[in-house]
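I have placed the structure first, in the form of structure tokens, so that the comments after it can refer back to it.
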Amino acid sequence: MSTVGIDQIGVYTPAQYIETTELAKRRQVDPNKYTIGIGQNQMAVPNPTTDIVSMGANAARTFLSKVDVSQIGLLVVGTESGIDQSKASALFIKSILNLPNQLRAFEVKEACFGATAGVMMAQDYVKTHPGKTALVIASDISRYGLNTGGEVTQGAGAVAMLISEKPRIVEFLPESASYSDDVNDFWRPNYSETAFVDGKYSTEKYLEFFTHTFDDYLKQTQLKVTDFAALTYHLPFTKMGIKAQRLALENQDEATKTRLTAQFEASSKYCRQIGNLYTGSLYLSLVSLLHQGNLNSGDLIGFYSYGSGSVAEFFAGRLVAGYQNEIATNHMQDFLASRQKLSIDEYEAIYTECGKVKTDDYELTPEAVISDGEVYFAGVKDHLRQYKVKGA
Ligand code: CAA
């Protein structure tokens with residue numbers, strides 16, 4: 001049977017951030033509520049030259065030189081921060097990355113589940129198109145509004161993944177368990193720039209859907225919790241994953257609890273430093289685990305994906321021998337340590353600027369770019385969004 005999985009994975013996140021303890025002070029909240037109660041320490045702040053296209057392209061550019069671009073036959077972008085009601089962000093990204101025209105490129109929306117829908121489609125595509133690969137990009141800016149309950153759970157970033165036969169990082173197992181229902185926990189009407197969310201109800205549904213999909217998955221595969229080296233979760237904020245992990249660990253032996261708890265810590269480190277990536281959050285947890293966890297080839301990793309509204313899926317994969325050679329562990333840690341810290345005043349000013357709706361032409365120059373990625377949003381001309389590559 002052919003194996004399909006993640007051959008390459010790359011992350012992009014903005015180069016500016018705030019400390020949640022400073023945000024807590026400004027909002028007159030006990031800092032422990034943010035760092036312990038919600039479980040977030042820092043939050044990435046995107047500036048006006050950053051959008052889902054620039055972030056997605058920058059994430060893919062971290063590994064494109066290592067793959068045969070002519071074999072990419074499918075490009076799916078999962079996002080809930082769309083830049084156009086009609087044209088897919090995937091087409092802007094295709095152009096920036098110089099991908100072949102012989103390509104199926106489109107965008108998928110189902111809240112934070114969009115990228116997982118892409119990963120599932122990509123697996124089917126690769127299985128039915130021998131030799132071809134698929135590029136799946138999760139890219140989002142999470143905005144809840146200044147001085148709202150959700151403010152501390154914002155964030156931004158993109159994760160790009162190449163799905164292929166004989167993958168070099170993770171081989172997916174063929175089974176998966178999904179669960180869908182019409183739920184009003186989080187939505188963003190066309191007229192609103194920020195999401196409407198019932199955070200507590202959303203957590204309740206996230207946990208309920210976890211139980212449905214995890215139990216179903218174990219039943220289908222006859223696997224046990226003890227078989228997993230690590231479980232990764234969609235992490236809008238780390239506390240949400242802690243609550244799901246508690247359910248998974250009920251009635252387990254101490255060794256299993258200790259192992260899975262340590263790996264959860266590793267998988268949630270980047271979320272604590274970056275915040276919510278919406279569609280990319282689960283895959284950022286995987287990258288965090290690969291960089292910070294204690295894993296061996298052959299280890300089984302579980303994935304819990306949840307998108308409000310709501311759709312959830314549990315699936316799993318095994319680490320491929322030599323996966324360490326494919327992930328740039330130090331680069332990400334060095335980058336996070338080198339980001340520029342913003343004061344709360346600076347963050348509020350950037351947040352407000354990013355939220356302005358502009359209908360006339362305008363241009364953003366490379367001097368405005370604060371990023372370690374070279375692709376940036378350069379403004380609007382004749383109602384068309386412009387993208388440039390720094391130094392090109
Ligand atoms: N010290 C330590 N802990 C403290 C504390 C203190 N001083 N004060 C409070 N806490 C704890 C509370 O006990 C609570 O812990 P538990 O959850 O374990 O009970 C936690 O901190 C949060 O406290 P509250 O519930 O009182 O906080 P809140 O009313 O401000 O709500 C929130 C928190 C629900 C997370 C809110 O920030 C929110 O709505 N965030 C956005 C919601 C969100 O991200 N939902 C995910 C949606 S799914 C997704 O990602 C979207 C998608 O698909 C599109």
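Counting starts at 1 for both ligands and their atoms, in listed order.
Defined by atom type and a distance below 3.5 Å, a donor-acceptor pair is missing between the side-chain atoms of E19 and T21. Residues S343 and D345 have side chains that never bring a donor and an acceptor to within less than 3.5 angstrom of each other.
Cluster membership check: I301 does not share its hydrophobic cluster with Y304, using side-chain heavy-atom separations under 4.5 Å among Ile, Leu, Val, Met, Phe, Trp and Tyr. Under the 4.5 Å side-chain heavy-atom criterion for grouping Ile, Leu, Val, Met, Phe, Trp and Tyr, L146 is connected to F237 within one hydrophobic cluster.
Considering only heavy atoms from C-beta on, R143 comes within 4.5 Å of Y351 through its side chain.
Residues F377 and Y387 place their aromatic rings such that the two centres sit under 6.0 Å apart.
Ligand 1 lies under 4.0 Å from heavy atoms of D30, N32, K33, G37, I38, E80, A111, C112, Y144, G149, G150, T153, F186, V197, G199, K200, S202, H234, P236, F237, K239, M240, K243, N276, G307, S308.
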